Amino acid sequence: MKKRILSMMLISALLVSATGCAGKKADATPASSEASTAAAAPASTDASTTGDIKVGVILKTLSSEYWSYVAAGVNAAAKDLGVKVDLQGPASETSYDEQNNMIETMLAGGIDAFVISPLQSESVASVIGDVKIPIITVDTDAEIPGKIAFVGTGNDKAAYQGGLYAAEKAGKGAKAVIIGGVEGNATSDARQAGYERAMKENGIDIVSVQYAQSNPDTAANVMENMITAQSGNIQIVLCHNDDTAAGAATACKQSGLKDVVIVGFDGNQSGVQNIIDGTISATCAQSAYTMGYKAVESAVKAVKGETVKSFVDTGCEVISSDNAKDYLEKLKGYLK
């Protein structure tokens, strides 16, 4: 009897042990699924908390005042967000091959997101190819397969605002000329459209459109030819950047043409100082610093899997004699 009781107790113990093991195995299955889910999540999620996110940034150049503001914004964002940034730029805005080589090298080096301001949109898109990281364009947009956002000025809208300022100053019946940057460039085309719309809405004729390759000396020659062709009957000069506006102002002064409303674009220190000095009338100031900051911010959001707007409009402010001094101090503060 005792042996039978002991046998039954032993069998019961074995059954309990087996049931317990089976229970543990069943509990382990959901735990394994959770681990797989975590592994499937983007590795950048962890990087976002450790400061391991690396953003590559290539601008059009680092050797100009305008791009120094963009670079300052990039560096400020890197510091505030605690991420690593590799910031580069070619020697000039015509160093196309140099920028393409920089792109190839940077992408091969391993980055989590890429910010680019393309010199030549089509060739840059070709060099980038179908990479598997978020692409952000800044200042100048381009059709790139991996692009998720463009951060920059609404150039049409900004030029329109500058055009309205000029129209108000000159009045109806005025004659206007436009000195563009590079013909066929997307940015130039957008600024052109904005200026034209403002003139049309205010009954102002555009009597000539010429391009000066964003060079002040070329702009001076173009302006001189326009003055001759129009017999000096020009009241508004709309330019695609501040350097062009400065060149146009030089030609007007040398030709003795007075009371001309000259509007630039960009809002660099030199352009704002020209307003203070009375050389030009106004400039459509882009927020270059904000562009750099928002581009990195958008890239980091993309790496972390957060929602990113496809177009981040960094705005524009028309700077005239009314606000030029305050704006100049603001610009100087960005580069301290």
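Quick caveat, the model's predicted, so the values are computed rather than measured.
- The stretch residues 311-327 participates, sequence neighbours left out, in no salt bridge (Lys or Arg N to Asp or Glu O under 4.0 Å) pair at all.
- Residues Tyr69 and Tyr289 place their aromatic rings such that the two centres sit no closer than 6.0 Å.
- Here salt bridge (Lys or Arg N to Asp or Glu O under 4.0 Å) pairs that include residues 73-86, with residues two or more places apart or in two chains, number zero.
- Looking only at distances, a side-chain donor or acceptor of Thr61 sits under 3.5 Å from a matching main-chain atom of Ser63.
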Please set out all donor-acceptor pairs under 3.5 angstrom arising from side-chain atoms of residues 238-248, sequence neighbours excluded.
residue: His240; atom: ND1; partner: Gly181; partner atom: N; Å: 3.2
residue: His240; atom: NE2; partner: Gln192; partner atom: OE1; Å: 3.4
residue: Asn241; atom: OD1; partner: Asp243; partner atom: N; Å: 3.3
residue: Asn241; atom: OD1; partner: Thr244; partner atom: N; Å: 2.7
residue: Asn241; atom: OD1; partner: Thr244; partner atom: OG1; Å: 2.7
residue: Asn241; atom: ND2; partner: Ser214; partner atom: OG; Å: 2.9
residue: Asp242; atom: OD1; partner: Phe265; partner atom: N; Å: 3.0
residue: Asp242; atom: OD1; partner: Thr283; partner atom: OG1; Å: 2.6
residue: Asp242; atom: OD2; partner: Gly267; partner atom: N; Å: 2.9
residue: Asp242; atom: OD2; partner: Asn268; partner atom: N; Å: 3.0

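- The CE atom of Met223 sits 12.0 Å away from the CD atom of Gln254 when rounded to the nearest 0.5 Å.
- Note: Lys330 NZ to Ser287 OG = 6.0 Å, rounded to the nearest 0.5 Å.
- Of the charged side-chain nitrogens involved, none lies within less than 4.0 Å of a carboxylate oxygen, so that Lys54 and Asp112 do not count as a salt-bridged pair.
- Proximity of Pro216 to Thr250: side-chain heavy atoms (C-beta onward) are nowhere separated by under 4.5 Å.
- Nearest heavy-atom pair across Ile236 and Ile234 is O-CG2, 3.5 Å.
- Here the side chains of Gln161 and Lys157 are in contact, with some heavy-atom distance below 4.5 Å.
- Residues Ile178 and Glu196 have side chains in contact (heavy-atom distance under 4.5 Å, counting atoms from C-beta outward).
- Shown here is Glu201, whose CD atom has more than 12 heavy atoms of other residues, nucleotides or ligands within 6.0 Å.
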Test side chain to side chain contact (heavy atoms under 4.5 Å, CB included) applied to Asp189 and Thr187, step by step: CA-CA 5 Å; Asp189 290 348; Thr187 298; over 6 Å; no
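- Looking only at side-chain heavy atoms (C-beta outward), Ile58 and Val115 stay at 4.5 Å or farther from each other.
- Between the CG atom of Asn215 and the CD1 atom of Ile179 there is a distance of 11.5 Å, given to the nearest 0.5 Å.
- In terms of heavy-atom proximity, Val138 sits nearest to Phe150 at C-CE1, 4.2 Å.
- Under a 3.5 Å cut-off, the side chain of Gln88 and the backbone N or O of Val57 do not form any donor-acceptor pair.
- For the residue pair Cys284 and Tyr195, the shortest heavy atom distance occurs at SG-OH, 4.1 Å.
- Looking at every heavy atom in both residues, Ile275 comes nearest to Ser321 through CG2-N, 3.6 Å.
- Leu87 places a side-chain heavy atom less than 4.5 Å from the side chain of Asn75.
- Judged purely by atom type and a 3.5 angstrom limit, Ser320 has no side-chain atom pairing as donor or acceptor with the backbone of Ala282.
- Open room surrounds CG on Asp259; 12 or fewer heavy atoms of other groups in view lie less than 6.0 Å from it.
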Using residues 99-107 as the side-chain source, report each donor-acceptor pair under 3.5 Å to any protein atom, sequence neighbours left out, with the distance given to one decimal.
residue: Gln99; atom: OE1; partner: Leu119; partner atom: N; Å: 3.0
residue: Gln99; atom: NE2; partner: Leu59; partner atom: O; Å: 3.3
residue: Gln99; atom: NE2; partner: Ser117; partner atom: O; Å: 2.9
residue: Asn101; atom: ND2; partner: Asp97; partner atom: O; Å: 3.3
residue: Thr105; atom: OG1; partner: Asn101; partner atom: O; Å: 3.0

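- With rounding to the nearest 0.5 angstrom, the OH atom of Tyr211 is 7.0 Å from the OG atom of Ser188.
- In this model, a donor atom of one side chain and an acceptor atom of the other lie less than 3.5 Å apart for Ser95 and Ser92.
- Remark: Ile144 CD1 to Ile116 CD1 distance equals 7.0 Å, nearest 0.5 Å.
- Within the structure, every pair that satisfies the side chain to side chain donor-acceptor pair (under 3.5 Å) test and touches residues 219-237, not counting sequence neighbours, is listed here: Asn233-Gln235.
- Of all heavy-atom pairs spanning Ala324 and Ile276, the tightest one is CB-CG1, 3.6 Å.
- Using modelled atom types, one finds a donor on one side chain and an acceptor on the other under 3.5 Å when comparing Thr153 with Gln286.
- Side-chain heavy atoms closer than 4.5 Å link hydrophobic residues (I, L, V, M, F, W, Y) into clusters, and following such links, even through other members, never connects Val237 to Val263.
- The closest side-chain heavy-atom distance from Val303 to Val300 is not below 4.5 Å.
- In this structure, the side chains of Val151 and Phe311 stay at 4.5 Å or more apart for every pair of heavy atoms.
- Closest non-hydrogen pair, Val308 versus Ser298, comes out as CG2-O, 3.6 Å.
- Not one N or O on the side chain of Asn323 forms a donor-acceptor pair closer than 3.5 Å with the backbone of Ile319.
- Taking 4.5 Å as the limit, every side-chain heavy atom of Val177 sits out of range of all side-chain heavy atoms of Val209.
- For the salt bridge (Lys or Arg N to Asp or Glu O under 4.0 Å) condition, the pairs that include at least one residue of residues 132-144, sequence neighbours left out, are Lys60-Asp139, Asp130-Lys132, Asp141-Lys147.
- By the neighbour-count criterion of 12 heavy atoms within 6.0 Å, atom CD of Gln213 is densely surrounded, having more than that number from other residues, nucleotides or ligands.
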